[in-house]
Amino acid sequence: MPELPEVETIRYYLDHVLPGQKVHKVLHIDPRMVKTGSLSAEEIARRLPGHVVKSIKRRGKFLFLEWETQDHLLIHLGMSGRLIWIQNHEPWALHTHLVLDFEENQLRLIDPRRFGRIGWIDRGVELVPHLGTEPLSADLTSQFLVKRLQGRQAPIKSLLLDQSIIAGLGNIYVDESLFRAKIRPDRPGGSLEPREIKRLVRSIRRVLQEAIEHRGTSFSDYVDALGHPGQNQDYLMVYGRNQAECRVCGQPIVTKVIQGRTSHFCLHCQK
DNA sequence: TTAACTACCTGTTCGC
DNA sequence: TGCGAACAGGTAGTTA
């Protein structure tokens, strides 16, 4: 499930190989994946050939291929999406929904569950205006989060998953951040004290930075742009460790469903 | 405005 | 062994 560190890992690699490359053909684009933007799948396929990649951007969990025309192709990987840069003679995987042919290599989107999305964003249009602050930018401060959590009754877990507050966190990194900050995921957001929020901000940054250094977390679907799994799953403290011993106190990690999301935490370490 | 719920989707796991 | 049900979860839309 690609969250910010996984998407950033893909972006980082693609930004080394894609700029300057010209789209030769759009070999395949699944209309069911085009769920946003100003053009249909057919129109994107007609428009793209000849376009040259200028840069690869990321905002939250969204990736953008910026063209020299300053239009953008939005790609979201959803739950199970993979975006790979691969030689064009390699056979297509099952569930391949987008194939951009750059003559020698192809950029392919593979997404078994089809929760991902593709869209065309015209030049000058704001990319994803509804997204909240970038957690690794200077905009995420404890003062910002204090303000956003004030008076909120929803569990802190749900509020951290809300992309309009902080963009890029998903189930894994919210659980990990809350563990590091020693905060239970079912606490109402508005009940957090300023010192806890300060700790939470520090934890979010550290968890995300470490996950990027480990090239993301691979449980089932995620691989980077070269098809390699990440390593961060070896460093997780709570996520996916139901009933395992807490690495800090030795008590069993427990799970609880909060707003439809399985949350992992330690009853002893998190208050 | 906020909180909770639902649809989308398919591979995997579990129980019978 | 095979089948069906339940589960996993990010986003956007709906409802109260």
Side-chain angles (χ1 to χ4, degrees), chain A residues 1-8 10-11 30-38 41 58-64 74-83 92-98 109-119 121 126-132 134-135 145 147-178 185-192 208 211 216-223 229-230 232-233 236 238-243 253-265:
Chain A
M1 51 208 83
E3 302 179 27
L4 187 152
E6 290 76 33
V7 177
E8 177 60 24
I10 293 169
R11 186 210 67 78
D30 185 340
R32 289 171 296 183
M33 297 293 286
V34 181
K35 303 170 186 173
T36 187
S38 61
R58 179 192 59 75
R59 179 83 172 86
K61 303 173 196 171
F62 290 82
L63 270 176
F64 299 92
L74 172 155
I75 297 176
H76 193 288
L77 300 176
M79 279 283 300
S80 55
R82 304 172 176 195
L83 193 61
W92 292 12
L94 195 63
H95 307 301
T96 298
H97 302 306
L98 175 71
L109 173 66
I110 302 149
D111 185 6
R113 296 184 204 178
R114 285 213 296 263
F115 271 30
R117 57 190 58 221
I118 302 167
I121 311 291
E126 197 178 346
L127 294 178
V128 267
H130 61 285
L131 282 191
E134 277 291 321
L145 205 52
K147 203 177 265 183
R148 295 304 303 265
L149 298 182
Q150 214 164 32
R152 299 295 296 264
Q153 292 304 306
I156 182 65
K157 165 86 183 225
S158 308
L159 297 171
L160 292 178
L161 286 172
D162 184 343
Q163 302 297 299
S164 70
I165 299 175
I166 299 176
L169 294 178
N171 211 27
I172 296 175
Y173 298 111
V174 167
D175 281 2
E176 292 296 310
S177 299
L178 286 169
D186 51 0
R187 290 257 309 273
S191 76
L192 269 60
L208 293 177
T217 302
S218 294
F219 265 110
S220 52
D221 298 301
Y222 167 71
V223 292
N232 198 58
Q233 62 279 8
L236 297 177
V238 286
Y239 186 87
R241 301 191 64 244
N242 188 25
Q243 295 304 316
I253 301 298
V254 298
T255 62
K256 179 178 179 180
V257 177
I258 299 171
Q259 211 179 313
R261 298 287 177 262
T262 304
S263 304
H264 308 71
F265 60 104

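Note: hydrogens, waters and symmetry copies are ignored here, and every other heavy atom, side chains too, is used. It should be emphasised that the depicted structure is a prediction, and the values quoted were computed from it without experimental measurement.
- For the pair A/H97 NE2 and B/dC9 P, the computed distance is 11 Å after rounding to whole Å.
- Between A/R32 atom CZ and B/dC8 atom C1' the separation is 12 Å, expressed in whole Å.
- Look at CD on A/Q163: it is 17 Å from C1' on B/dT2, rounded to the nearest Å.
- Among the heavy atoms of the strands lying under 4.0 Å from A/K61 are primed sugar atoms or P, OP1, OP2 only; no base atom is included.
- Relative ring orientation between A/H95 and A/H97 is described as tilted, the plane-to-plane angle lying within the 30° to 60° band.
- Distance, A/L77 CG to B/dC9 C1': 16 Å, rounded to whole Å.
- Within 4.0 Å of A/T262, counting heavy atoms only, lie sugar-phosphate atoms of the nucleic acid but no base atom.
- Taking atom CD on A/Q259 and atom C1' on B/dA3, their separation rounds to 7 Å, with Å as the unit.
- Using a 4.0 Å cutoff to heavy atoms of chain A, the contacted part of DNA chain C runs 5' to 3' from C/dA8 to C/dA12.
- Of the candidates B/dC9, B/dG11, B/dA3, B/dG11 carries the atom nearest the A/H95 side chain, counting heavy atoms from C-beta on.
- Among the atoms of the strands shown, base atoms are found under 4.0 Å from some heavy atom of A/R261.
- Protein atom CG of A/L159 is 13 Å distant from nucleotide atom C1' of B/dA4, rounded to whole Å.
- Taking atom CG on A/D186 and atom P on B/dA3, their separation rounds to 15 Å, with Å as the unit.
- Taking a cutoff of 4.0 Å between a charged side-chain nitrogen and a carboxylate oxygen, A/E134 and A/R59 qualify as a salt bridge.
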